[in-house]
Amino acid sequence: MNEHKGSRFAHITKAHPCFNEKMHDKVGRAHVPIAPKCNIFCNFCTRDINNEEDRPGVAGCILNPDDAIAHIDEVTADGPISVVGVAGPGDSLANEETFEFFEKMAEKHPDLIKCMSTNGLLLPKYADRLAELGVNSVTVTINAIDPDIAVDIYSFIKYEGKVYKGYEAVEILIKNQLEGVEKAAANGLVVKVNSVLIPGLNDEHIIEIAKEVKKRGAALMNILPLIPLAKMKHYSRPDCSMMERVREEVEEIIPVFRACTQCRADAYGIPGKKSEDHHLGMTPQSHY
Ligand code: SF4
Ligand code: SF4
Ligand code: SF4
């Protein structure tokens, strides 16, 4: 890492609640739900528009980029927001609105840290563009790098106008995720890798993901427990001892972020602080 990249890295990790456990309950982030479409099918995913559930993939409404900017103007005037992120509720890179939003953010809020999450399928294609738009950090969710495991996690992908299933699908996805991590890191973005821990499927394998993404330039990993839903509703949720075992193993390889409580795609405020953590469904839609 050269000096310029090193100081940029420190600046982001210091102020970003998802990269620094010490800051997690001190500074705020705002997620704008502008990216409803997704280009892959994860077997555990159910996206939804509602005001009840507190998990990724859920938002109270979908905003267009202009309304999202207006929302950011408002919440940054209200409190200490240091990070603005696009976290779905689908895949950020499968929605052109994400790029339009970051273009506008660069003009209106050049000082805020800009962040987004993706499944990584389109990351090799867009890593350069994200860096040009001033995006600082990217979270890539990688649940398996072994096709024999991945084939049980993903049903299909839509890629360059074609639908792929089974091994063909997961081989493209894994290749692109790893190339994407490498390209994003090479472009100066701080890369975090999220892995959903699925008991009996990838609990022994996440360590292999850690070794590979570390080589490719990722800075940090976040291990999330499976929320058993959709086609994976019959799986069990990992217990604390399994979470801890995997986190400890991974920590030997790469730093692990442990404070994540899995936010909604429209969350804003200070993560996990009841009185200061909000989501969009909590304000009347007419407001926007
Ligand atoms: Fe759902 Fe995200 Fe998977 Fe898309 S990438 S299917 S939004 S979990
Ligand atoms: Fe945190 Fe991810 Fe949201 Fe960025 S996109 S603020 S890393 S949860
Ligand atoms: Fe990001 Fe998790 Fe923190 Fe939410 S709780 S802001 S998803 S690290």
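In this chain, residues are counted from 1 in sequence order. Whatever order the structure lists ligands and atoms in, that order sets their numbers, starting from 1.
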Do you know which of Leu133, Val86, Asp91, Val32 makes side-chain contact (heavy atoms from CB on, under 4.5 Å) with Thr98?
->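 When Leu133, Val86, Asp91, Val32 are each tested with Thr98, the side-chain contact (heavy atoms from CB on, under 4.5 Å) holds only for Val86.
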Six-ring centre of Tyr268, Arg29 cation under 6.0 angstrom, axis tolerance 45° | no
Numbering as shown, the atoms of ligand 2 that approach [X] to under 4.0 Å (heavy-atom distance):
X      : result
Thr139 : 2 (Fe), 7 (S)
Cys115 : 4 (Fe), 5 (S), 6 (S), 7 (S)
Val83  : 6 (S)

Residues forming a side chain to side chain contact (heavy atoms under 4.5 Å, CB included) with Lys104, sequence neighbours excluded = Asp66, Ile69, Glu100
Could you give me the CA-CA distance, side-chain angles and deciding distance for Ile174 and Tyr154, then say whether side-chain contact (heavy atoms from CB on, under 4.5 Å) is met?
-> CA-CA 11 Å; Ile174 294 167; Tyr154 306 99; over 6 Å; no
Keeping to residues at least two apart or across chains, list the ring-ring contact (aromatic ring centres under 6.0 Å, His included) pairs with something in residues 198-252.
->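 Matches after skipping sequence neighbours: none remain.
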Please identify each residue that fulfils side-chain hydrogen bond (donor to acceptor under 3.5 Å, both in side chains) with Glu208, with sequence neighbours left out.
->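 Once residues adjacent in sequence are excluded, Glu208 has no partner under the side-chain hydrogen bond (donor to acceptor under 3.5 Å, both in side chains) criterion.
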Check step by step if side chain to side chain donor-acceptor pair (under 3.5 Å) holds for Asn222 and Asn194.
-> CA-CA 5 Å; Asn222 182 9; Asn194 277 2; 3.3 Å; yes
So how far is it from Asn176 CG to Leu123 CG, rounded to the nearest 0.5 Å?
->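 The CG atom of Leu123 is 9.0 Å from CG of Asn176, to the nearest 0.5 Å.
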Got an N, O or S from His31 under 2.8 Å of atom 4 (Fe) of ligand 2?
->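 Checking His31: none of its N, O or S atoms is under 2.8 Å.
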Within the protein, residues bringing a heavy atom under 4.0 Å of ligand 1, chain by chain |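 Under the 4.0 Å cut-off, ligand 1 touches Cys38, Ile40, Cys42, Phe44, Cys45, Arg47, Pro89, Gly90, Asn119.
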